[in-house]
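Predicted model only: the values in this text are computed from it and were never measured. In what follows, chains carry the letters A, B, and so on, assigned in the order in which the sequence lines appear, proteins first and then strands, with residues in each chain numbered from 1.
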Amino acid sequence: STVVVVFEAPLSKAREDGTVSSDFGFCVKAGDRIRVGEAIGR
Amino acid sequence: GAAAAQGKFLLPGASAAVLLMLGVLHAKRMYDDKQLVERKEQGIEPEFSPDLKASFLRLLPLRSMSRVWGYLMEVEVPVFMRPAIYKAWARAFHSNLQEPALPLEEYPSLQAFFIRSLKEGSRPIDPDPNCLVSPVDGKVLRLGQLRGPGTMIEQVKGFSYPVSSLLGASSSLHDATEKDISGEQTEQNVPESSNAKSWWRVSVASPKLRDRTLLSPKRGIFYCVLYLHPGDYHRVHSPVDWNIFKRRHFSGNLFPTNERAVRTIRNLYIENERVVLEGQWKEGFVAIAAVGATNVGSIKLLIEPELRTNSPGSMTLHSQPYDERVYEPEGTGMMVKKGQEVAGFHMG
């Protein structure tokens, strides 16, 4: 069985002080084992 | 030995030939798998390559076989045999026997053991409000960002499938993409409604259109494909706090979904039976597609227990309409918290 997650996430976000927050990034890579509750990306 | 010494064979010729052939096929498969591992170690990604076995699978009644498998797995096991059988399963498929919520003797069948719940605290949920967590235990097969028109997910190097076919709502997706490419879409045509369908259309199909409607912040569409081994915990949890707007059920085929099948069966995920939950989280669109397989053909939803999957005689081609349910109240749907259990895979 397989699960596919498709989601929208920020590419960049302007803060109030004019700086830009970092993009969404994955915490895992292809081939990794992962368990329920562990972060896929932030 | 005595029979052989007298010049008599223990096996008839045809049986010996079949055994020999099976042995050769098994040896070839082991050789292929070894080569694949070596190529992976060298950084060479496997490519899509349809084979005879994949073609043969299309001739088999996989859904019927799946249901028979399910019936067998639901047969009650005598209490004294349960620990031995479940330990053997755990050894074969690398399950962790420290985690099940109940003692092994209390699972009446392999099915019950397969869909076991876990002890409290076995799966701590990452508390970071800006992260998505894994909805399942499994192996990450693919991940990335969906870019541009077409929005394809790579099944394996050399073969991709459209995300619209996986999730549904393909006509609106196609329309929006076409309009965006041709430049016919103007700001006056931008849909103002925030309902789920138009939202999906704007977000996934048409990045340029999306950027005009939602000028800040810029967003991207990402995906992650996770494969569950037979020994894994088979319940599905919510990856974020979100509102589920709708559910789609695609009653398709039930090909295996192991890594070999991914390399050899075209359109594997969009031909297989699956349930899609679609909604919105604080950063926008989110959807989960639970794709069934031959051995794990049924998908049960906690938020909709009456949904039946892998039913006899309900197979439709992937080009035919799917069954869809919009959760009430429309536009708000069902609120689900990050880590909350939403679904589960069952054998058969």
Side-chain angles (χ1 to χ4, degrees), chain A, chain B residues 40 123-126 128 130-144 146 153 163 166-167 203-204 216-228 233-237 239-240 257 262 269 272 281 283-293 295-296 299 338-339 345:
Chain A
S1 36
T2 303
V3 165
V4 185
V5 189
V6 180
F7 55 94
E8 191 173 30
L11 285 174
S12 61
K13 187 179 280 186
R15 292 203 187 98
E16 286 180 2
D17 60 5
T19 59
V20 177
S21 68
S22 59
D23 300 351
F24 171 82
F26 284 103
C27 311
V28 290
K29 58 183 187 307
D32 284 355
R33 293 276 309 165
I34 193 165
R35 303 205 302 178
V36 170
E38 293 175 352
I40 291 176
R42 296 179 199 280
Chain B
K40 270 187 181 173
R123 294 288 181 274
I125 307 299
D126 192 313
D128 180 357
N130 294 317
C131 82
L132 282 99
V133 298
S134 176
V136 290
D137 282 11
K139 182 179 178 182
V140 179
L141 290 187
R142 295 264 152 191
L143 47 75
L146 298 171
I153 294 180
V163 69
L166 176 79
L167 301 180
S203 300
V204 180
S216 180
K218 288 183 179 175
R219 294 165 194 275
I221 303 290
F222 300 85
Y223 69 93
C224 184
V225 184
L226 300 154
Y227 171 66
L228 291 77
Y233 170 64
H234 262 73
R235 297 188 183 207
V236 183
H237 294 247
V240 285
T257 57
V262 171
Y269 300 126
N272 266 20
W281 72 306
E283 300 293 354
F285 174 85
V286 63
I288 300 179
V291 185
N295 57 342
V296 188
I299 300 143
K338 183 161 83 172
F345 288 100

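Looking at Phe345(B), only its side chain comes within 4.5 Å of chain A, counting heavy atoms on both sides. Residue contact with chain A, scored on non-hydrogen atoms closer than 4.5 Å, involves the backbone of Pro124(B) exclusively. Residue Leu166(B) touches chain A through its side chain alone, counting heavy-atom pairs closer than 4.5 Å.
Comparing Val236(B), Leu226(B), Val262(B) by heavy-atom pairs within less than 4.5 Å of chain A, the highest count is held by Leu226(B). Between chain A and the residues Val225(B), Leu141(B), Val136(B), Val296(B), the largest count of heavy-atom pairs under 4.5 Å involves Val136(B). Residue with the most contacts toward chain A among Thr257(B), Val240(B), Leu228(B): Leu228(B) (heavy-atom pairs, distance under 4.5 Å). Most heavy-atom pairs under 4.5 Å with chain A, from the set Pro239(B), Gly144(B), Gly339(B), Ala290(B): that is Gly144(B).
Tyr233(B) meets the ring-ring contact (aromatic ring centres under 6.0 Å, His included) test with His237(B); sequence neighbours excluded. Looking at residues two or more places apart in sequence or on another chain, you find a salt bridge (Lys or Arg N to Asp or Glu O under 4.0 Å) between Arg42(A) and Asp126(B), Asp128(B).
With rounding to the nearest 0.5 angstrom, the OG1 atom of Thr2(A) is 8.0 Å from the CG atom of Asn272(B). Note: Asp137(B) CG to Glu38(A) CD = 8.0 Å, rounded to the nearest 0.5 Å. For the atom pair OG (Ser134(B)) and CG (Asp32(A)), the distance works out to 11.0 Å, reported to the nearest 0.5 Å.
Across Pro10(A) and Glu283(B), no two heavy atoms sit closer than the pair CG-OE1, 3.4 Å. Shown here for Gly37(A) and Ile125(B), the closest heavy-atom pair between the two residues is CA-CD1, 3.6 Å. Between Ser1(A) and Ala293(B) the shortest heavy-atom distance is N-CB, 3.9 Å. Residues Gly284(B) and Glu8(A) share a closest heavy-atom pair of CA-OE1, 3.2 Å. Heavy atoms only, all atoms of each residue included: Phe26(A) and Tyr223(B) are closest at CZ-O, 3.4 Å.
Within the 4.5 Å cutoff, the side chain of Val5(A) has heavy atoms near those of the Pro135(B) side chain. In this structure, Phe24(A) and Leu132(B) have side chains that are in contact, with non-hydrogen atoms separated by less than 4.5 Å.
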Apply side chain to side chain contact (heavy atoms under 4.5 Å, CB included) to Leu146(B) and Val6(A), showing your working.
CA-CA 9 Å; Leu146(B) 298 171; Val6(A) 180; 4.2 Å; yes
